[in-house]
Trainee: 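Pasting a structure below so you can have a look.
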Amino acid sequence: MSQTTFTPRVFSGIQPSGGLTLGNYLGAIKRFVSMQEEDFETIYCMVDLHAITAKLIDPSELRHNTRELAAGFIASGISPDKSILINQSQVPEHAQLAWIFNCIARMGWMGRMTQWKDKAGKNAEAASLGLFAYPALMAADILIYHATHVPVGEDQKQHLELTRDIAAKFNHDYGEEFFPITEPVIEGAATRVMSLRDGSKKMSKSDPSDASRINMTDDADTISRKIRKAKTDPDALPSALEGLDHRPEARNLVSIYAALNDQSLEEVLRDVGGQQFGTFKPALAELAVEKLAPISSEMARLMADTDEIDRILAKGAAQAREITAPILKRTYDLIGMVS
Ligand code: AQP
């Protein structure tokens, strides 16, 4: 196969399945923002088609979540002038390519996805077909742009590997290096932010306990209270990284501090080693409020006029389709569909 050169292009998305969490912000959005300033075209997406795979959402709530997520992206620093901002269902080529990928991916590949196993739980028979096919739609989201890089949190690593497998199989089956083999970008001090109530569980928007997460819309008092009540152990903080071994809750709070303050874990531990949580938690709460309050107040301002958000998403969809329509057309041609 001939060597193809792809435009350096970033794609990533977040589900409007609830409100944005600190996990989404530190694991994904902070990197989305910085990649805008690098040598990439950047496309960021509210993946509303994914949001209905685990359970159906009240229609007005889904619309609200989607606009609020767009507000969260913009308030965090994603500029509609530098990045293409879209809502997935407004760019139909995502779903069209997903169908093709449903026919490329193998059942065995999908069945091995840990997110499928976690979310379907013991009752896989009752899970939706969409939940099973979720990673094929995610591969389509990425590859319909020929995206070369995808910034994500740790939890999405396996889905990115599947995206690479789908691209490689398509390229092999149709004898052309048509889709790029996309690189995951998993960077930062907090690529896996854990629940504040249980250091072995990921912080998640759909966790039934609101105390387990910091929502990007939480006010200062709520953030402080949640951090004060976060589960910890009785020991003082260590001065070196090895001292966090087997202390998942302590590691989580130190990682959050490091990511919010753009420091490494080692740097934070050098400063706070020896402190009790009674001292460290208020410092973390103060830092979290300082960093998150401007974002939540800008989100509130944007949500006061959702027409502006809708205009941004309509413009983004039009820009996106200039990229996606020719890629879908060429995909159909390669497969042998008459056009
Ligand atoms: N806790 C986390 N730590 C680091 N990164 C995280 N991400 C999510 N949670 C964390 C990253 O955010 C991006 C978007 O994720 P998503 O919302 O589309 O899906 P998710 O990973 O399933 O997130 P949630 O909050 O757990 O949603 P629900 O509860 O609906 O399933 C991804 O890059 C993800 O890695």
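One-based numbering, in listed order, for ligands and for the atoms of each. What's counted below: heavy atoms across the whole structure, side chains too, no hydrogens, waters or symmetry copies. Because the structure is a prediction, the values reported are computed rather than measured.
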Trainee: Are Q158 and T114 close enough that a side-chain donor and a side-chain acceptor fall under 3.5 Å?
Mentor: yes
Trainee: With a 4.0 Å heavy-atom cut-off, what residues sit around ligand 1?
Mentor: G13, I14, Q15, S17, G23, N24, G27, A28, K119, V152, G153, D155, Q156, T191, R192, V193, K202, M203, S204, K205, S206
Trainee: How long is the span from the CG atom in L22 to the CE atom in M216, to the nearest 0.5 Å?
Mentor: 6.5 Å
Trainee: Taking side chain to side chain donor-acceptor pair (under 3.5 Å) as the test, write out the residues that go with T279, two or more places apart.
Mentor: none
Trainee: Step by step, would you call H94 with Y145 a ring pair (Phe, Tyr, Trp, His ring centres under 6.0 Å)?
Mentor: CA-CA 9 Å; H94 288 236; Y145 296 95; 5.4 Å; yes
Trainee: So, Q115 and D155: side-chain donor and acceptor under 3.5 Å apart, yes or no?
Mentor: no
Trainee: For the residue pair D221 / S224, report whether a side-chain donor-acceptor contact shorter than 3.5 Å exists.
Mentor: no
